[in-house]
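Here is the structure we will look at, set down as structure tokens.
Order of appearance sets the numbers: ligands from 1, and atoms from 1 within every ligand. Scope of the values below: all heavy atoms of this structure, side chains included, with no hydrogens, waters or symmetry mates. All residue numbers refer to positions in the sequence shown, counting from 1.
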Amino acid sequence: MNKIITRFPPSPTGSLHIGNIRTLLFNYLFTRKNGGEIVMRFEDTDQERSSKDNEKIALDALAALGLDFDKGPFRQSERTDKYIDALNILIEKDTAYIAEESEGEEGSNVIRFRNPNKEITFTDLIRGEITIDTTDFGDFVIARSAKSPLYHLTVVVDDLEMGVTHVIRGEDHITSTPRQILLINALDGLLPTYAHLPLIIGNDKKKLGKRHGAVTYQEFEDLGYIPAGIINYLALLGWNPGDGDEREFFTKEELISEFSLERVNNSPATFSYEKFDSINKHHLMLLENEEYETYVKKFLKNHPEGQKIITHPSFSLLVTSVLRERIHKFAEVVTMLENGEFNWLTKTPAYDANELLWKETPSEIITSHLQHIQTTLENVSGWSPEALKAVIWPYAEDKGKGEVLWPMRFSLTGEKKSPDPFTVAAILGKEETLVRLQTAVDKLK
Ligand code: GLU
């Protein structure tokens, strides 16, 4: 079998969209699995809407995701000569002609393809045999002028010249295919194999767009989704490992070995932010502590209150005992901060004595529980959530969990909601914990 050659051909007219990345990912998985080669090119024939900034955004995203390619990046705007050569060949063979009209620009004649108006049939690896009558396309325009070729021509010339064997792209390009096949035939080229990937839709069944939420790589990165989570989730948008195979967590390496185009569906793939979150969380849990902390720092460092958290001596413990359990994507740590969920750590609690009370339990009893906790914690050996729980829990079970643990937790946090009292005390440290317990005892006097 000939070597498989695929392509990454984004148009740098906007920030790389999640749909583009899913397409690139499927090309990547298919090519890497089969030992092929990937050619990267920017389809920037629309010079007004294309920008170098968008190219950089795309390349940075690919690098971050680890979607490497083998050749390029090429730029169509730098390959105009090749398209002009092809135009000339087509004109010479009379399969294209300069039209005596101008489209848009005053005085410039466009070049049209002489459509043989026939039915084109091709086999799509995902959708099976497809037949499209090209008559409706008419003599379609392939260049705005002798010097400015348009999409169908540039794609065909590039795919032929770069030896592309498999064109794997979004379903929205399915009507491009018959036009491109006509052009390939006219240029005596070899047809590639086509695979059109299903559309990605929102839960309202409409094509995924801004109104559904984040859609560009950058937006997802800013929300704190990580490359491993993004790759895993996007792979599931249209692909699954097998009938009855319920697995949903995959590393990139596992995807490369399991992926096949035969297992891509032809029905639209629904994008679920909820599912994305749960998959991302799985990959966050796999991060080493150090890397996890680096992400948290990155998200909190620009907040004055965030600084207090990331420089706190128990920052690492906060990460392992509180954040790891909670966070699906790192921006949630900022939301927690803004919701005051770390106030217990960054501020001295302010509250009224009666808030320490539990139901009908008299205040003297609450005081005696707090004093018992004080003495116990003064003498405890080891200062970790587990060590603290081990010495307090039996007492709480004996006296009543509510009346022991509520005042303990409330005296340490001054908040109705917070992590459990053992975790809170472990994070606050021995000294601060004992100070806060004493304050509570004093308030109850
Ligand atoms: N540049 C096109 C796009 O970004 C890709 C076209 C193709 O894959 O043939 O949609």
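- Within the cation-pi definition used here (under 6.0 Å to the ring centroid, within 45° of the axis), R79 qualifies as a partner of F74.
- Judged by the 6.0 Å and 45° rule, R263 forms no cation-pi pair with F259.
- Protein residues lining ligand 1, listed by chain and number: R7, P9, P10, S11, E43, Y151, R169, H173 [non-hydrogen atoms, distance under 4.0 Å].
- Scanning for salt bridge (charged side-chain N to carboxylate O under 4.0 Å, His left out) contacts around R436 gives E432, with sequence neighbours left out.
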Show me the side-chain donor-acceptor pairs of residues 41-48 shorter than 3.5 Å, one per line, residues at least two apart or across chains.
| unit_1 | atom_1 | unit_2 | atom_2 | d |
| --- | --- | --- | --- | --- |
| R41 | NE | E43 | OE2 | 2.8 |
| R41 | NH1 | D159 | OD1 | 2.9 |
| R41 | NH2 | E43 | OE2 | 3.0 |
| R41 | NH2 | D159 | OD1 | 2.9 |
| E43 | OE2 | Q76 | NE2 | 3.4 |
| D44 | OD1 | Q76 | N | 3.2 |
| D44 | OD1 | S77 | N | 2.8 |
| D44 | OD2 | S77 | OG | 2.7 |
| D46 | OD1 | R49 | N | 3.3 |
| D46 | OD2 | R49 | NH1 | 3.0 |
| Q47 | NE2 | D44 | O | 2.8 |

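- In this view, P241 and W239, D245, R247, F250, E258 satisfy the side-chain contact (heavy atoms from CB on, under 4.5 Å) rule, not counting sequence neighbours.
- Two residues are said to be in side-chain contact when any heavy atoms from C-beta on lie closer than 4.5 Å; P10 and N54 fail this criterion.
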